[in-house]
**Student:** 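Sharing a structure here in C-alpha cells format.
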Amino acid sequence: MRDPIINIIKNAVIDCKGKGLLSIETIPPIILEKPRREEFGDFSTNAAMLIAPKEGKAPRKVAEIILNKVVDTTGIIKKFEIAGPGFINIFIDEGHWRNVLKEIVLLNEKFGRLTIGKGKKIQVEFVSANPTGPLHIGHGRGAAVGDTLANILDAAGFEVIREYYINDRGRQIFILGQSVFLCYLRLLGRNVAFPEDFYKGEYIKDIAEEFLTKHGDKYKNVQLGFPECLHEFIDFSMRTILSWIERDIKDFGVDFDVWYSEKTLFDRKLVDKTISELKSKGVIYGNDGATWFRTTGFGDDKDRVLIKNDGSFTYFASDIAYHREKIERGFDTIIDIWGADHHGYESRIRAVLKALGYDDNILKIIFIQLVSLLRNGVPVPMGKREGEFVTLRQVIDEVGRDACRFFFLMRKSDAHLEFDLELAKKQAPENPVFYIQYAHARIANIIKHAEEKGMALPTHNDIDLSLLNQNEEMSIIKTLASFPDIIKDCALSLEPHRLTFYLQELAAIFHPYYNKNRVVSNDIPLSKARLFLCIAVKTVIKNGLSLLKVSAPEVM
RNA sequence: GCGCCUGUAGCUCAGUUGGACAGAGCAACUGCCUUCUAAGCAGUGGGUCAGGGGUUCGAAUCCCUUCAGGCGCGCCA
C-alpha cells in the first residue's frame with residue numbers, strides 16, 4: 001500500500017517541477033510514516049518541509065502546491081490534509097482497509113511473507129558455543145535471536161542458511177579432554193591434582209562416569225601427562241557435549257542447516273591458504289617467533305597473532321579462514337551473532353575482510369547482552385565460580401520453550417535483559433506470552449461457539465465488511481494490515497524483538513474489543529463480519545508466533 | 001588511560017532511523033462476571049528523556065562535553 005502512495009506524491013512533485021511551480025533540482029526521497037496519532041491520518045509525509053527551504057517558501061505553501069497537482073491513481077485515498085508545520089497527511093478509504101481482511105484470510109499462513117529478499121542469500125551464524133560445556137542462558141538468548149531473525153528473513157524472501165560453527169580443536173578442547181581424564185582417574189580412586197584452568201563443573205564428572213561405564217577402568221594406571229588415551233578422552237568428551245548441545249538446540253526449536261567444523265578448515269588447508277593469501281598482500285610479518293597480521297592497517301587497534309611462537313594457531317587464524325569461506329560461499333550478507341563481551345573482536349574480523357579485498361559491509365554483527373535471571377524479583381546468582389551457571393536446559397525445563405523463546409526476544413539484543421522466571425511461568429495476563437496466546441485461544445473458542453450454534457463460517461462472497469464501522473474495529477484492521485511492514489522492518493534492521501512488541505500490541509487491542517462486543521449474536525450479517533475480523537486476528541497472531549516458534553494453542 | 005554499549009514514569013523497557021502535546025507493561029489505587037474463556041476489561045495518578053552546550057524550521061533521536069554503570073583492551077576463547 002505504501003509504494004503506490006509514495007509514487008502519487010512523487011509524481012505530483014515531478015509535475016510541479018515540470019510546470020515550473022517548483023524549482024528544486026533533485027527530489028528528496030519521499031518517506032511515508034505512520035503518524036503517532038490517529039487524527040493525523042493513516043500516513044504522513046514531510047516532503048513539503050524538506051523541499052521548502054530550497055524553494056524559499058513556507059512548508060505549508062509548498063504542501064499546497066504539491067497537493068494541487070496530486071492525482072490519486074489508486075482510488076484508495078479518501079483525502080489529503082496539510083497539518084502542523086507542513087505535513088501532508090493522507091487518509092485511506094475505509095473500505096480499502098477492510099479489504100485487507102480478505103487478503104489476510106485468503107493468504108492465511110502466507111500473509112506476512114514478502115519478496116524483498118528475493119534472490120539474496122543470507123547466512124546467520126549463531127550460538128557457536130565451544131563444545132566444552134552445556135549451553136547456558138546466554139547461548140539461549142543468542143539462539144532465540146538468531147533463529148527468529150533467520151525465520152523473519154526467510155519470511156521476507158531471503159534464502160537463509162542457519163549455521164553453527166564448532167570450535168572442535170585447539171586448546172580449550174584439549175583442556176576439556178584432560179579435565180575428564182583426571183576426573184576419571186579420581187573416580188577410580190587415584191589422587192590427582194586439578195590445575196587451576198581446568199573445567200570443574202559437575203558435568204565433567206558426568207562425562208567421566210559415562211566414559212567409565214562404556215570403557216571400564218582400562219586406563220586406571222596410565223601415566224599422567226599426555227598418554228596415548230588422551231585423544232580418546234578428548235574425542236569422547238567433545239562428542240558427548242555436542243550431543244547435549246544438539247539436543248538442547250533441538251528442544252529449543254532451532255534447526256541448523258550447517259554445523260561447520262573448525263577442524264575441517266585445517267584438514268582442507270584453508271587456514272594455510274588464507275594466511276598465504278594475506279602474505280602475498282604484504283600484511284603478514286614475523287616477530288618474537290610468532291606470525292602476525294597487520295590488522296592496524298585496516299582500522300584495528302593493534303596487530304594480531306595468527307601463529308604463536310610455539311607453532312600453534314590462534315583461534316583468530318581459523319576465524320579468518322572461516323570468514324573468507326563464508327564470503328566465498330556466495331552470501332550477499334553474513335550475520336554473526338556474538339556475545340557482547342566479544343565486541344573487541346569486531347575490528348579485527350573486519351580488518352580481515354578488508355585485507356582480502358572484500359567490502360566489509362557484507363558482514364553484520366549482532367551483539368547479545370547478558371541475561372540476568374530473576375526469581376521473585378531477586379537475581380539468581382551465576383557465573384561466580386567456574387562451572388556454576390544456569391543452563392539453557394534448566395530454564396526450558398522450568399518455564400517451557402514458548403516463554404523461554406519469547407522472553408529472550410522482549411528486549412533489543414544489545415540491551416541487558418532481565419528474565420523473570422516467575423513471570424514467565426505465570427498463567428496470567430501480566431505474562432505477555434500468555435496474554436498473546438490467550439487471544440488466539442479465545443478466538444478459536446469463538447469460532448467453535450459459532451459452529452456449535454450452526455453458523456456457517458463466513459466466506460469472501462458472503463460477507464458485508466462495511467458493518468465493521470467502529471473505531472476499535474478499524475484500529476484492529478490497521479494493525480493487522482501493518483504486519484507485513486513489521487516483518488520488513490525487523491528484516492531490514494535485523495531486530496527481531498520488534499515482532500514481540502507488535503504481537504503484544506495486537507493482543508492488547510483485541511482483548512478490549514472482545515470484552516466490549518459480542519461476536520456471535522442473533523444479527524447474522526454482523527456476526528459474520530466480526531467473525532471474519534476475528535479469524536484475521538487469529539491468523540496474524542499465529543503467523544507472528546510461528547516466526548518466534550512459539551505455539552499458538554487452540555484451547556487454554 | 002583508550003575503545004564499544006547503556007542511561008526515558010517507582011520497576012522493566014519501547015520509541016517507526018530527525019517530526020506533530022514523550023508511549024507500553026508491571027507495581028499502586030477504584031470499579032466491572034445470569035452473555036463467545038473475568039486466565040479478561042474500564043478508569044486514575046505518575047516524566048528536567050542523566051547534566052550542559054551545539055546543528056536544525058523541528059532533537060529522546062545527530063555532533064561536542066561532563067557524570068554514572070557495564071564490557072573489552074592476551075601469542076585466552
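Just the heavy atoms: all of them, side chains too, but no hydrogens, waters or symmetry mates, feed the values below.
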**Student:** What I want to check is whether an N or O donor and acceptor connect the side chain of A/Asp301 with the base of B/G3 at under 3.5 Å.
**Tutor:**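 For A/Asp301, whose side chain was compared with the base of B/G3, there is no donor-acceptor pair (under 3.5 Å).
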**Student:** Kindly say whether, by distance alone, the side chain of A/Asn431 makes a donor-acceptor pair under 3.5 Å with the base of B/A39?
**Tutor:**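 Per atom types, no contact qualifies.
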**Student:** Strictly below 4.0 Å: does A/Lys426 bring a side-chain N or O up to OP1 or OP2 of B/A39?
**Tutor:**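 No, outside the criterion.
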**Student:** Nearest of B/C13, B/C41, B/C36 to any side-chain atom of A/Val519?
**Tutor:**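 Between B/C13, B/C41, B/C36, the one nearest the side chain of A/Val519 would be B/C36.
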**Student:** In sequence, state the C-alpha distance, the side-chain angles, and the governing distance for A/Tyr164 and A/Glu125, and then conclude on side-chain hydrogen bond (donor to acceptor under 3.5 Å, both in side chains).
**Tutor:** CA-CA 6 Å; A/Tyr164 187 119; A/Glu125 184 221 318; over 6 Å; no
**Student:** So which pairs with a foot in residues 516-527 of chain A pass salt bridge (charged side-chain N to carboxylate O under 4.0 Å, His left out), sequence neighbours left out?
**Tutor:**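 As it turns out, the salt bridge (charged side-chain N to carboxylate O under 4.0 Å, His left out) pairs with a partner in residues 516-527 of chain A, which skip direct neighbours, are A/Glu472-A/Lys516.
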**Student:** By the 4.0 Å heavy-atom rule, please label A/Asn130 as base, sugar-phosphate, or nothing.
**Tutor:**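 Sugar-phosphate contact only.
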**Student:** Within the 4.0 Å heavy-atom criterion, would you say A/Lys453 contacts the bases, only the backbone, or no part of the nucleic acid?
**Tutor:**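 The answer is nothing, as A/Lys453 stays clear of every strand by at least 4.0 Å.
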**Student:** Determine: side-chain N/O of A/Tyr345 to OP1/OP2 of B/G3, distance under 4.0 Å, yes or no.
**Tutor:**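 The answer is no; no side-chain N or O of A/Tyr345 sits under 4.0 Å from OP1 or OP2.
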**Student:** Which listed nucleotide (B/C75, B/A42, B/A39) is nearest to the side chain of A/Tyr438?
**Tutor:**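 In terms of side-chain proximity for A/Tyr438, the closest of B/C75, B/A42, B/A39 is B/A39.
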**Student:** Strictly by salt bridge (charged side-chain N to carboxylate O under 4.0 Å, His left out), give each pair with a member in residues 491-502 of chain A just once, sequence neighbours left out.
**Tutor:**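 Residue pairs passing salt bridge (charged side-chain N to carboxylate O under 4.0 Å, His left out), neighbours aside: A/Glu495-A/Arg498.
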**Student:** Which label fits B/U35, syn or anti, where anti is any glycosidic angle not within 90° of 0?
**Tutor:**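 Anti, since the glycosidic angle lies more than 90° from 0.
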**Student:** For the side chain of A/Gln427, starting at C-beta, report the closest nucleotide among B/C36, B/G15, B/A39.
**Tutor:**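 Within the option list, the nearest is B/A39.
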**Student:** For the side chain of A/Phe501, starting at C-beta, report the closest nucleotide among B/G70, B/G19, B/A14.
**Tutor:**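 So the side chain of A/Phe501 is nearest to B/A14.
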**Student:** Distance criterion of 3.5 Å, no angle test: do you see the side chain of A/His343 paired donor-to-acceptor with the base of B/C5?
**Tutor:**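 No such pair is found, so the answer is no.
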**Student:** Say we look at B/A22 and B/C4: how far apart would their P atoms be, to the nearest angstrom?
**Tutor:**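 The answer is 32 Å between these two P atoms.
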**Student:** Heavy atoms from C-beta onward define the side chain here; which of B/C76, B/G3, B/U16 lies closest to that of A/Lys308?
**Tutor:**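 Among B/C76, B/G3, B/U16, the one nearest the side chain of A/Lys308 is B/C76.
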**Student:** Answer yes or no: does a side-chain N or O of A/His497 lie under 4.0 Å from OP1 or OP2 of B/U16?
**Tutor:**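 Looking at the OP1 and OP2 atoms of B/U16, neither is under 4.0 Å from any side-chain N or O of A/His497.
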**Student:** Give the nucleotide from the list B/A77, B/G15, B/C5 with an atom nearest to the side chain of A/Asp414.
**Tutor:**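 Closest nucleotide among those given: B/C5.
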**Student:** Check this for me: does the side-chain of A/Ser44 come within 3.5 Å of the base of B/A20 through a donor and an acceptor?
**Tutor:**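 Flag set: donor-acceptor pair detected.
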